[in-house]
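Heads up, the thing below is written out as structure tokens.
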Amino acid sequence: VAPYVFVAATVACSSTTRSSGEEPSPTVTTSEAAGTPLSPVIRWSGNLQPVPARSGYVTAPAERAKAFGSVVLSATPQDAQRTRAQITFNMPVQAPTEFRWALLPGRCGSNAFPLVGFEAFPIIEVGNNGRGQLDAHLPVSIPTDGGHHVNVYQGGQQLDNVVACANVRREGR
């Protein structure tokens, strides 16, 4: 009686191309053994732009320090109820400063409520050099359609406290 040997192999392949400073594009992962594609990673991205300070006057908006950065929101394949947020934020500050932020429906300037409570969004800590970076998971499913934006707040969570905003757009399908 000859012994039988069974060999099973599963190979997963994926590739991303990164060129000088660009973020990786979403990829589709395929299981060659099964011959079935896995779902593409849903990803939203945008660039933070400064928002002029609001004043009670109809004339020119009040001056505010220039704030800018980038936002990447992606699905967490292991947990559909979570979203990975990667934010870089730059704003001149005199001392280390904490900034709140939120993901909201609609476009920049809308007076919408965040997708989850403000306390669910981790604080962005900006150092003396004016730079901050955040890489965290949020307890919310990533949006699959519609328009969304990210507000960065200083000193409160009202529309008047927004120092930067990014209209995020969905990449891929």
Side-chain angles (χ1 to χ4, degrees), residues 16-26 41-79 81-143 146-172:
T16 55
T17 306
R18 187 178 292 181
S19 60
S20 64
E22 291 182 16
E23 292 292 324
S25 60
V41 173
I42 298 173
R43 180 175 143 139
W44 295 74
S45 66
N47 292 316
L48 289 163
Q49 301 294 320
V51 174
R54 295 176 183 262
S55 68
Y57 302 100
V58 177
T59 59
E63 288 294 315
R64 182 176 277 161
K66 298 294 181 195
F68 60 94
S70 64
V71 176
V72 175
L73 304 169
S74 55
T76 305
Q78 302 82 2
D79 185 352
Q81 301 303 311
R82 297 183 72 75
T83 297
R84 182 178 182 192
Q86 297 169 289
I87 300 175
T88 58
F89 181 67
N90 296 278
M91 184 172 166
V93 294
Q94 299 297 318
T97 306
E98 294 180 344
F99 292 87
R100 303 291 304 178
W101 69 282
L103 174 62
L104 306 97
R107 297 190 54 78
C108 288
S110 70
N111 199 13
F113 289 106
L115 297 184
V116 293
F118 281 106
E119 67 282 350
F121 298 95
I123 291 172
I124 302 170
E125 296 178 5
V126 174
N128 287 339
N129 62 1
R131 296 182 189 147
Q133 192 168 344
L134 176 77
D135 189 345
H137 288 86
L138 307 174
V140 64
S141 298
I142 192 158
H148 295 83
H149 68 283
V150 169
N151 281 342
V152 176
Y153 304 89
Q154 183 177 26
Q157 289 126 8
Q158 303 298 318
L159 200 52
D160 291 346
N161 302 109
V162 177
V163 294
C165 185
N167 289 312
V168 293
R169 69 185 185 290
R170 183 172 173 179
E171 298 177 3

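Given the structure is predicted, the values throughout are model-derived calculations rather than measurements. The residues of the chain are indexed from 1 along the displayed sequence.
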Student check: side-chain heavy atoms of [X] and [Y] closer than 4.5 Å:
X      : Y      : result
Leu104 : Leu115 : no
Thr97  : Gln154 : yes
Val126 : Met91  : no
Pro122 : Leu138 : yes
Asn47  : Phe68  : no
Leu73  : Leu103 : yes
Val150 : Val168 : yes
His137 : Thr76  : yes

Give, for atom [atom1] of [X] and atom [atom2] of [Y], the distance between the pair rounded to the nearest 0.5 Å.
X      : Y      : atom1 : atom2 : value
Cys165 : Tyr153 : SG    : OH    : 8.0 Å
Gln94  : Asn128 : CD    : CG    : 9.0 Å
Arg100 : Asn151 : CZ    : CG    : 13.0 Å
Asn129 : Asn90  : CG    : CG    : 8.0 Å
Leu134 : Gln86  : CG    : CD    : 9.0 Å
Ile124 : Leu48  : CD1   : CG    : 7.5 Å

**Asked** Is there a side-chain contact (heavy atoms from CB on, under 4.5 Å) between Gln49 and Val51 once you walk through the steps?
**Response** CA-CA 7 Å; Gln49 301 294 320; Val51 174; over 6 Å; no
**Asked** With distance as the sole test, does Ser74 use its side chain to make a donor-acceptor pair with the main-chain N or O of Val72 at under 3.5 Å?
**Response** no
**Trp44 and Val71: CA distance, side-chain angles, deciding distance, side-chain contact (heavy atoms from CB on, under 4.5 Å) verdict** = CA-CA 8 Å; Trp44 295 74; Val71 176; over 6 Å; no
Looking at every heavy atom in both [X] and [Y], which two are closest together, and how far apart are they?
X      : Y      : value
Pro114 : Phe118 : CG-CZ, 3.6 Å
Thr83  : Val140 : OG1-O, 2.7 Å
Pro105 : Ser110 : O-OG, 3.5 Å
Pro143 : Ile42  : O-CG2, 3.8 Å
Trp101 : Ala85  : CH2-CB, 3.6 Å
His149 : Gly106 : ND1-O, 2.9 Å

**Prompt:** Does Phe89 have its ring centroid less than 6.0 Å away from the ring centroid of Phe99?
**Reply:** yes
**Asked** Are side-chain N/O atoms of Ser45 and Glu171 paired as donor and acceptor at under 3.5 Å?
**Response** yes
